[in-house]
Structure formats: C-alpha cells, structure tokens
Number of protein chains: 2
Amino acid sequence: MGVLRKTKSVDIVLTAFNQDTTAISVIALVEQLHSEMNKTTVYRILNKLEDDGILHSFLGKNGHKWYAKCHNCSSSVHQDIHPHFQCINCGKVECLDINVQIPNIPNRKVEVSQILLQGKCEDCYNSQKPEHNVNAK
Amino acid sequence: MGVLRKTKSVDIVLTAFNQDTTAISVIALVEQLHSEMNKTTVYRILNKLEDDGILHSFLGKNGHKWYAKCHNCSSSVHQDIHPHFQCINCGKVECLDINVQIPNIPNRKVEVSQILLQGKCEDCYNSQKPEHNVNAK
DNA sequence: ATCTTAATACAACTTAGTTGCAAATATATA
DNA sequence: TATATATTTGCAACTAAGTTGTATTAAGAT
C-alpha cells in the first residue's frame with residue numbers, strides 16, 4: 001500500500017519533512033498541520049510514505065512514533081536502520097550516521113535493532129538556561 | 001517514592017517476577033492479576049519497585065512498557081542498562097547480558113541508551129509451527 | 001487497642017492511534 | 001473536455017494504555 005496519487009495533503013506532509021532536517025514526532029506533526037488536514041489523514045499519509053521508503057519511523061523515549069526522511073531506502077528495503085538521538089532537555093530527535101556493532105547472541109537470530117540514545121544535544125549542553133521545545137512530547 | 005509497606009499486593013507482584021525469569025509486559029501483568037488487584041494498583045506498585053531498584057523498565061516493540069528484575073541496582077543507581085531481546089514471533093522478551101559499545105558522538109553527551117533487538121528466539125527459530133504467545137502484546 | 005498514614009479500589013479521565021463510512025477529488029479513458 | 005471509477009479525505013466514534021481524584025481499607029507505629 002503505497003502512495004498512489006499526488007494530492008495536496010501528501011505535498012504538505014512532504015514539505016514539512018523537507019523543511020525540518022531532524023525527525024518529527026507524529027504528535028507534533030498532527031498539531032502543526034491541524035488546520036490543513038485531519039489527524040487521520042496525517043497518520044495514513046505517514047504510513048504510506050514509509051511503505052514507499054520515503055520516510056522511516058521509530059519510537060521516541062515515551063514510545064511515541066517519530067518519522068524522518070530516508071536516505072537510501074526503497075519500498076522493499078529499508079536501509080535506515082541507524083541509531084537515533086533524543087535530547088532529554090529539548091526533546092529534539094536526530095538520526096545518527098554511525099554504526100553500532102551488535103555482538104552475536106547465542107541461539108538467537110537478530111533481525112531488527114532499535115537503538116535510541118538519550119542525552120544533551122549541542123545546543124542544550126552549551127546553554128545554561130534550557131529552553132524546552134514543543135517537540136519534546 | 002518507594003515501597004513502604006509489605007502488603008499482599010506487593011507480594012503478589014513480586015511473586016510473579018520470581019516465577020517468570022523473563023521480562024513481563026505491564027499489559028500481561030494487569031491481565032494476569034486482574035482478579036487479585038486493580039490495574040491502578042499494578043501500575044503504582046511497579047512504579048515503586050522501580051524506584052527502589054528492584055525492577056527496571058523499558059519499552060517493547062510497540063512502545064508498551066515492560067518490567068524485569070534488576071540484578072545489581074540500588075534505589076540511586078540503575079545498573080541494568082543492558083539491551084533487551086524481543087522475539088518477533090512469540091513476543092517474549094529477555095534481558096541480554098552483553099555489552100554494546102556506543103561510539104563517541106561529536107558534540108553530544110549520551111547519558112542513556114535504550115537498545116531493543118528483535119528477531120527469533122531459540123524456541124521459535126527451531127519450531128516450524130510458531131505458537132503465538134499471549135505476551136506478544 | 002488506637003491512631004496515623006500509606007495503600008487500594010473504583011470510576012472517570014486523557015491521549016495516541018485506529019476504523020467505518022459517506023463525500024470529495026485525482027486520474028485514466030472515451 | 002466530459003465522464004467513470006477508484007483512491008483519498010473528513011468526521012465521528014471507537015480502542016486501549018496509562019493517569020488522576022477520592023473515599024475506603026489496612027499497615028504498623030505508639
């Protein structure tokens with residue numbers, strides 16, 4: 001089930017991801033676009049864009065869903081299996097371009113790895129007066 | 001806010017973790033104990049046992065909360081920052097006794113790492129007729 | 001035995017995410 | 001360009017995990 005038609009709503013969602021280089025939580029996106037489209041539509045479009053390998057999803061620190069643009073994915077293979085970093089202060093999430101080596105685990109076959117690192121991002125580490133971001137949800 | 005009193009409910013919850021060597025999802029535990037105590041009570045007891053360093057929590061593949069017994073924790077230091085393994089077939093979750101090396105990330109200070117590996121556990125890998133476990137939720 | 005305070009049950013609530021269906025709209029075809 | 005048809009959307013209702021307020025119950029200290 002991929003995107004079949006180039007609709008206005010699909011375009012608005014894609015524009016949001018082109019403007020923001022970091023990841024966006026579904027909650028934030030629904031809120032940000034609530035005057036332009038229904039939340040059901042946001043959920044459905046994100047779902048389709050992921051199927052098409054245009055976005056990838058992962059869970060943030062509260063178990064809420066986040067999406068970010070894929071770089072080398074197709075609809076059949078999602079290569080964006082990289083760690084994500086979430087700032088515990090402002091809530092911002094970034095995709096990390098690093099490779100984490102998973103050791104072999106006896107008697108088990110690992111197929112997916114979900115790695116969320118939490119800490120302070122550069123901005124929050126430097127500023128003494130932390131400014132809580134709306135994306136923290 | 002730790003456990004202050006040795007109540008019947010606290011005892012029942014602890015017994016559940018002593019009988020099951022793997023992790024238990026809150027959903028499964030609430031269901032399992034629903035005739036013995038209210039779900040609010042389960043949530044509150046788990047919360048307190050975590051504060052006391054007796055249990056540790058983490059998120060499963062759907063973002064739902066799981067708990068497991070701690071081995072070397074105190075109420076001040078949670079040392080159980082280890083990866084967890086969830087079977088994509090039967091849903092069972094285990095704590096992994098391995099160390100995953102997180103590379104240094106420029107300009108960020110990593111404080112917490114949350115690693116969930118998914119794949120087939122030994123039982124499910126060997127059996128051709130997969131048996132879906134109730135814990136899969 | 002009594003008193004104080006923490007723990008519990010229960011109901012109501014919050015919120016992320018889903019579902020069913022009627023109406024709207026993109027696009028293929030004539 | 002007009003029409004047909006299948007997808008997309010909005011809306012309302014729903015589901016389910018987790019939380020909160022409050023009256024009642026029960027630990028355990030005195």
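Per chain, numbering begins at 1; letters A, B, ... match sequence-line order.
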Legend entry - Residue closer to the 5' end of DNA chain C, B:Lys39 versus B:Ser9 (nearest nucleotide):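 Looking at DNA chain C, the more 5' nearest nucleotide goes with B:Ser9.
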
Legend entry - 5'-most by nearest nucleotide on DNA chain C - B:Glu36 or A:Leu59: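 Looking at the nearest nucleotide for each, B:Glu36 comes out on the 5' side.
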
Interatomic distance where [atom1] belongs to [X] and [atom2] belongs to [N] [whole Å]:
| X | N | atom1 | atom2 | answer |
| --- | --- | --- | --- | --- |
| B:His34 | D:dA16 | NE2 | P | 15 Å |
| B:Leu49 | C:dA7 | CG | C1' | 13 Å |
| B:His64 | D:dT15 | NE2 | C1' | 11 Å |
| B:Ile27 | D:dA16 | CD1 | C1' | 8 Å |
| B:Lys48 | C:dA6 | NZ | C1' | 7 Å |
| B:Ile45 | C:dA6 | CD1 | P | 16 Å |
| B:Tyr43 | D:dG21 | OH | P | 17 Å |
| B:Asn38 | D:dT25 | CG | C1' | 14 Å |

Legend entry - Parallel, tilted or perpendicular, as decided by the 30° and 60° cut-offs, for the rings of A:Trp66 and A:Phe58: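 Parallel, since the angle between the ring planes stays under 30°.
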
Legend entry - Sidechain-backbone polar pair: A:Asp52 side chain, A:Ile54 backbone, donor-acceptor under 3.5 Å: no

Legend entry - Main-chain N/O of A:Ser57 paired to A:Glu50 side chain as donor or acceptor, under 3.5 Å: yes

Inset, instruction - Would you give a per-nucleotide map of nucleotides 19-30 of chain C, 5' to 3', where B means the base has a protein non-hydrogen atom under 4.0 Å away, S means only the sugar-phosphate does, and - means neither? - result: BB----BBS---

Inset, instruction - Compare all side-chain heavy atoms of A:Leu117 with those of B:Ile105 and state whether any distance is below 4.5 angstrom. - result: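 Yes. Closest side-chain heavy atoms under 4.5 Å.
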
Inset, instruction - Starting at CD1 of A:Ile45, measure out to CG of A:Leu29 and round the result to the nearest 0.5 Å. - result: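 If we round to the nearest 0.5 Å, A:Ile45:CD1 and A:Leu29:CG are 9.5 Å apart.
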
Inset, instruction - Scan for side-chain hydrogen bond (donor to acceptor under 3.5 Å, both in side chains) pairs involving residues 102-124 of chain B, sequence neighbours excluded, and state none if there are none. - result: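 Of all non-adjacent pairs touching residues 102-124 of chain B, those that pass side-chain hydrogen bond (donor to acceptor under 3.5 Å, both in side chains) are A:Glu94-B:Arg108.
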
